[in-house]
Every structure is written in structure tokens, then in C-alpha cells.
Amino acid sequence: MICANLEKIRRNIALAAERCGRDPDDIQLLAVSKRMDAATVEKARQCGQKLFGENFVQEAQSKIEQLDPAISWHFIGHLQSNKTKIAVRLFRLIETVDRLKLARSLNRHAAGLDQTLDILIQVNVGREKQKSGVLPQDAEQLIREIGKLTHLRIRGLMTIPPYTDNPELSRPYFRALKKIADEFSGKGYFTDEAPLILSMGMSADYPVAIEEGATLVRVGTAIFGQRT
Ligand SMILES: *Cc1c(COP(=O)(O)O)cnc(C)c1O
């Protein structure tokens with residue numbers, strides 16, 4: 001089932017890319033494995049999936065320690081500063097950096113390991129009160145400050161638009177994130193050592209996100225089924 005789901009999603013990614021004249025190889029699929037056990041992640045790995053996303057540090061740690069070290073993990077949840085030390089060791093990329101205090105803490109621990117950590121800036125494009133992410137009007141200030149931190153590498157932007165069951169209603173938010181990314185690219189805020197990452201789109205709306213420029217889609221339910 002997981003293999004068939006992954007195949008179907010990869011096909012949908014390719015179709016969405018073709019619709020807008022993009023190269024499907026420019027779009028990464030992040031399998032969101034929160035609340036799935038290590039054996040389930042292993043099944044997906046055996047179907048060729050090598051990139052996974054987790055929302056909770058402790059839950060991720062137990063899986064990561066049990067599984068093939070060749071798997072890459074992104075952190076996509078709300079990260080507390082007291083979890084950054086371990087997060088830096090576990091994750092290849094932190095997608096949800098939205099405040100300077102958090103960035104400084106990640107930078108300090110990355111420096112301690114003599115590493116450079118890849119990050120995305122999470123932007124709250126829907127300006128939702130309860131949601132994480134820097135507000136669009138504060139994003140430039142934040143990214144300039146984080147840009148001074150020597151052991152972080154800003155790879156791009158990430159967003160979670162307001163919840164809706166109509167994917168078309170997410171489109172303006174995806175478009176808004178792309179617009180911010182283009183503006184910041186022009187100002188040289190992202191690393192030029194690696195391609196820009198635009199992380200947007202989940203199970204319900206990843207084709208729309210790709211049409212609007214996503215280079216990384218975060219898909220859980222459509223791969224693993226409903227979380228209990
Ligand atoms: C859970 C989660 C996803 C995956 O959501 P699905 O609807 O199950 O595909 C993607 N991104 C983030 C940040 C999540 O927390």
C-alpha cells in the first residue's frame with residue numbers, strides 16, 4: 001500500500017510539473033512520518049523513499065536511531081530552544097525557523113559540532129494568530145539577522161497556509177510565499193551554494209503548490225494513511 005501510494009504521488013508530482021513546464025526532478029517529496037512507527041518508515045524506505053519529516057524531536061530520535069543512517073530527516077514541527085542541541089544532531093534540515101532566539105541557539109550548537117546547518121524560514125503567510133512562522137512584514141528583518149550567523153545556511157522558505165478542504169483556496173498563499181522568495185533571492189538572502197527550497201503543499205494540495213513553485217512538498221496522510 002505504501003509503495004503504491006508513493007508511486008501515485010510521484011506520478012502526480014510529475015504531472016503537476018509538466019502542466020507548468022517544470023522539471024519533476026526539481027521537486028522533492030518529503031514523507032511526513034509523524035505518529036508512524038519505525039517499521040512503517042522502514043517500509044517506505046524499502047519503496048525507495050529516502051527523505052522523511054518529523055514534528056517532534058523525541059519521537060523522531062527513537063526512529064532515527066533505529067533506522068538506516070542513510071535516511072535524511074527534516075524537522076517540520078514547532079521547535080523549542082531547549083531541544084536545539086539534539087535537533088542539530090538528528091536533522092539534516094530544520095524547516096521551521098521563525099525567530100532569532102531559535103536561530104541563535106541552533107547556530108551555537110551547530111558551531112559546537114563544527115557543522116553548518118541548513119534551515120528554512122517559516123513564514124506565516126495567512127497571518128494566523130495561533131500559528132508559528134514569522135509574519136510576512138517581519139520576515140526580511142529576521143532573515144537579515146539570521147544571515148549573520150556563521151553556522152546556519154538559509155536554503156529557502158516554508159509555509160503552512162490556513163486550513164481548508166479546497167486546495168484552490170491555498171493557491172494565493174503559495175503564490176505569496178513564492179513572491180517573497182523571489183524578492184529575497186533578488187536581494188541575495190539565500191545561499192548561492194545550493195538550489196533554493198520552497199517547502200509548501202501537503203496531501204490535500206501538493207499539486208497546486210507545485211503549480212505555484214514548490215520545490216519540496218510535505219506529504220503524510222496520502223502516503224501512510226490517516227494518523228490515529
Ligand atoms: C503533518 C504535517 C504535514 C503532512 O500533512 P498531511 O496532510 O498528512 O499530508 C505537512 N507539513 C507539516 C508541517 C505537518 O505538520
Side-chain angles (χ1 to χ4, degrees), residues 1-13 16 27-37 40-41 43-44 47 49-61 63-64 71-80 83 87 90-99 102 118-134 155-171 173-174 176-178 181 197-228:
M1 196 58 188
I2 290 176
C3 286
N5 290 344
L6 280 165
E7 264 172 46
K8 187 173 157 207
I9 292 159
R10 291 198 190 106
R11 211 158 47 235
N12 287 341
I13 289 173
I27 297 148
Q28 288 183 282
L29 172 60
L30 182 81
V32 176
S33 47
K34 64 174 171 235
R35 307 227 285 275
M36 299 295 151
D37 60 16
T40 305
V41 176
K43 277 188 200 146
C47 310
Q49 181 65 29
K50 296 191 181 65
L51 182 63
F52 292 85
E54 287 281 341
N55 293 61
F56 301 97
V57 172
Q58 249 142 350
E59 179 190 336
Q61 181 177 19
K63 289 180 224 180
I64 292 171
I71 295 176
S72 289
W73 300 86
H74 284 193
F75 187 80
I76 60 170
H78 179 74
L79 187 58
Q80 292 161 321
K83 297 269 166 56
L90 294 174
F91 296 98
R92 141 92 58 98
L93 189 151
I94 309 287
E95 294 202 11
T96 46
V97 177
D98 62 356
R99 56 204 191 277
L102 175 63
D118 280 354
I119 62 161
L120 304 181
I121 307 298
Q122 181 180 2
V123 184
N124 183 357
V125 284
R127 299 179 167 85
E128 292 173 278
K129 283 232 161 57
Q130 74 285 7
K131 216 168 236 171
S132 302
V134 63
R155 293 287 309 273
L157 305 179
M158 177 271 204
T159 198
I160 309 168
Y163 175 79
T164 164
D165 53 16
N166 176 0
E168 278 304 320
L169 297 181
S170 299
R171 189 184 293 278
Y173 299 104
F174 296 147
L177 190 73
K178 167 76 171 151
I197 299 176
L198 218 52
S199 172
M200 54 190 197
M202 319 201 298
S203 290
D205 54 16
Y206 66 91
V208 172
I210 291 167
E211 289 169 8
E212 297 301 330
T215 71
L216 186 149
V217 292
R218 309 178 308 265
V219 179
T221 312
I223 297 172
F224 297 110
Q226 286 295 338
R227 290 175 288 271
T228 47

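Remember, it's a predicted structure, so these values are computed and weren't measured experimentally. Numbering of ligands and ligand atoms starts at 1, following listing order.
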closest protein heavy atom to atom 10 (C) of ligand 1 is M202 SD, 3.1 Å

Quick one: nearest non-hydrogen protein atom to atom 14 (C) of ligand 1, plus distance?
K34 NZ, 3.0 Å

Of all the atoms in ligand 1, which lie at a distance below 4.0 Å from a heavy atom belonging to [X]?
X	result
V219	9 (O)
R218	4 (C), 9 (O), 10 (C), 11 (N), 12 (C), 13 (C)
T221	6 (P), 7 (O), 8 (O), 9 (O)
N55	14 (C), 15 (O)
I76	11 (N), 12 (C), 13 (C), 14 (C)

Candidate list I197, V134, L198, test side chain to side chain contact (heavy atoms under 4.5 Å, CB included), partner L157, passing option
L198

Parallel, tilted or perpendicular: which fits the ring planes of F91 and F75, with parallel below 30° and perpendicular above 60°?
perpendicular

Under 4.0 Å between heavy atoms, the region of E95 that gets near ligand 1 turns out to be neither

Between I160 and ligand 1, which residue portion shows a heavy-atom distance shorter than 4.0 Å: side chain, backbone, both, or neither?
side chain

More than 12 heavy atoms of other residues, nucleotides or ligands under 6.0 Å from NZ of K43: yes or no?
no

R92 atom CZ: more than 12 heavy-atom contacts under 6.0 Å:
no

Answer with yes or no whether the side chains of S33 and E54 bring together a donor and an acceptor at under 3.5 Å.
yes

Heteroatom distance test (V32, ligand 1): nitrogen or oxygen, under 3.5 angstrom:
no

So between S203, A222, A204, whose heavy atom ends up nearest atom 9 (O) of ligand 1?
S203

Atom CD in Q122, atom CE in M158: separation rounded to 0.5 Å?
4.5 Å

Heavy-atom distance under 4.5 Å between the side chains of R171 and E211, does that happen here?
yes

Could you check if a side-chain atom of E95 sits within less than 4.5 angstrom of a side-chain atom of L216, using non-hydrogen atoms only?
yes

